[in-house]
Amino acid sequence: MKEMNIPKEIPEKVKKTVQNRDHRRCVVCGTPIFEYYPLKKFYTEKPSSSNVVLLCPKHFKEARKGSLSEESLEEARLNPFKPEKSRLGEYEIDFQSDVVQLKIGSNHLMRVFMKEKDSFAAIKYRNFPIVKLEKKKEGLTLTICMIDNKNNITLLIVDNEVVIATLNWTIEYQNNNLIIEDEDKEYKLQLVIDSTNNEIVLTQDSFFFKGKRMLNLPPSNPFEKPKTITRTKGDGIVIG
Ligand SMILES: [Zn+2]
């Protein structure tokens with residue numbers, strides 16, 4: 001695929017405006033993970049919020065390929081996906097509550113955000129926060145960091161924005177299920193965002209690395225210590 005030459009950067013001020021307008025999610029489907037997509041007119045006009053939209057990685061690829069038309073992008077820009085617009089599969093991470101619960105198998109953690117700017121590393125792997133939630137004025141934002149076995153970052157999503165993606169990732173968000181997977185299926189992260197109970201649920205099958213399940217549930221025998229998962233005081237869960 002021939003990549004479009006990007007002759008100019010999107011100014012930070014424009015990014016901020018676009019982020020707020022598009023509710024930090026894809027304008028087409030509402031996935032809470034986005035990249036900035038410059039519309040065709042961006043290349044001929046002055047950069048502004050009228051020529052940039054937020055798209056999830058899937059729709060970004062489709063737009064690049066042309067299978068998502070410029071007209072439908074323009075339409076989505078004028079009428080971006082809103083959480084209250086649809087009932088099914090709606091984007092539910094803007095918890096207004098200060099309490100977030102995290103369930104991993106039989107581990108049930110609760111985090112109370114004490115102030116407006118507060119963060120919670122829900123899952124850590126070798127000191128890297130894999131899943132982090134941050135409380136901001138606009139609501140709760142999601143940070144996801146995937147690393148390879150050499151500690152190189154292969155995917156970095158900061159406050160819902162894709163910052164680094166060295167592998168070809170598929171990111172799907174459907175019915176409150178967020179599934180992040182690379183093309184070779186070496187990494188997989190799955191989480192359920194449940195705003196009714198203010199919960200983020202990770203199951204035993206939530207996190208795979210090179211086909212290996214990274215989250216082992218604690219054994220039913222309490223005397224047997226789980227080897228790969230530990231809880232830290234007051235905060236999230238540490239793997240490895
Ligand atoms: Zn999308």
Side-chain angles (χ1 to χ4, degrees), residues 1 3-4 6 10 14-43 47-95 131-134 136 138-146 154-183 185 187-195 200 206:
M1 188 182 68
E3 285 288 318
M4 210 185 276
I6 296 174
I10 303 167
V14 172
K15 283 186 177 176
K16 196 97 204 139
T17 313
V18 172
Q19 250 196 59
N20 288 335
R21 181 198 63 203
D22 297 348
H23 316 281
R24 280 171 294 149
R25 76 200 77 188
C26 175
V27 286
V28 178
C29 68
T31 293
I33 287 168
F34 67 82
E35 296 174 66
Y36 294 95
Y37 186 83
L39 299 171
K40 271 205 186 91
K41 54 185 181 176
F42 173 85
Y43 299 97
S48 79
S49 58
S50 64
N51 48 42
V52 178
V53 290
L54 301 187
L55 291 179
C56 68
K58 182 183 150 211
H59 285 124
F60 191 95
K61 270 182 219 149
E62 285 183 18
R64 272 276 160 97
K65 274 196 305 204
S67 51
L68 187 61
S69 74
E70 200 71 13
E71 294 76 59
S72 50
L73 289 172
E74 183 62 34
E75 211 173 286
R77 177 184 73 83
L78 297 169
N79 190 18
F81 185 99
K82 282 188 196 75
E84 57 276 12
K85 219 166 78 170
S86 116
R87 293 179 67 89
L88 254 185
E90 76 194 69
Y91 167 52
E92 298 271 30
I93 207 167
D94 286 305
F95 307 139
V131 178
K132 201 170 110 185
L133 300 162
E134 225 156 316
K136 302 225 161 131
E138 312 91 286
L140 208 61
T141 66
L142 188 66
T143 292
I144 292 172
C145 176
M146 302 285 265
T154 52
L155 176 72
L156 181 65
I157 296 164
V158 179
D159 295 339
N160 302 13
E161 180 189 348
V162 180
V163 179
I164 300 170
T166 59
L167 300 174
N168 202 2
W169 293 93
T170 0
I171 299 173
E172 297 274 348
Y173 185 72
Q174 261 177 3
N175 303 327
N176 294 337
N177 244 296
L178 181 70
I179 300 168
I180 301 175
E181 211 169 6
D182 70 302
E183 208 175 25
K185 302 207 186 305
Y187 307 82
K188 185 184 170 192
L189 174 70
Q190 184 175 348
L191 39 116
V192 184
I193 295 159
D194 174 1
S195 78
I200 301 233
S206 287

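Keep in mind the model is a prediction, meaning the values are calculated, not measured. All ligand and atom numbering here is 1-based and tracks the order in the structure.
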message = I'd like to verify the contacts: list protein N, O or S atoms under a distance of 2.8 Å from the Zn ion (ligand 1).
response = Cys26 SG, Cys29 SG, Cys56 SG, His59 ND1
For Glu71, side chain to side chain donor-acceptor pair (under 3.5 Å) partners two or more places apart = none
key: salt_bridge(Lys136, Asp159) N-O dist < 4.0 Å   = yes
task = May I ask you to decide whether Glu62 forms a salt bridge with Lys65, counting only side-chain N to carboxylate O separations under 4.0 Å?
result = no
task = Please examine the side chains of Lys41 and Glu70, heavy atoms only from C-beta on, and report whether any two atoms are closer than 4.5 Å.
result = no
request  = Please list, chain by chain and in numerical order, all residues satisfying side chain to side chain donor-acceptor pair (under 3.5 Å) with Thr143, sequence neighbours excluded.
outcome  = none
ask   = Excluding sequence neighbours, so at least two apart, what forms side chain to side chain donor-acceptor pair (under 3.5 Å) with Lys16?
value = none
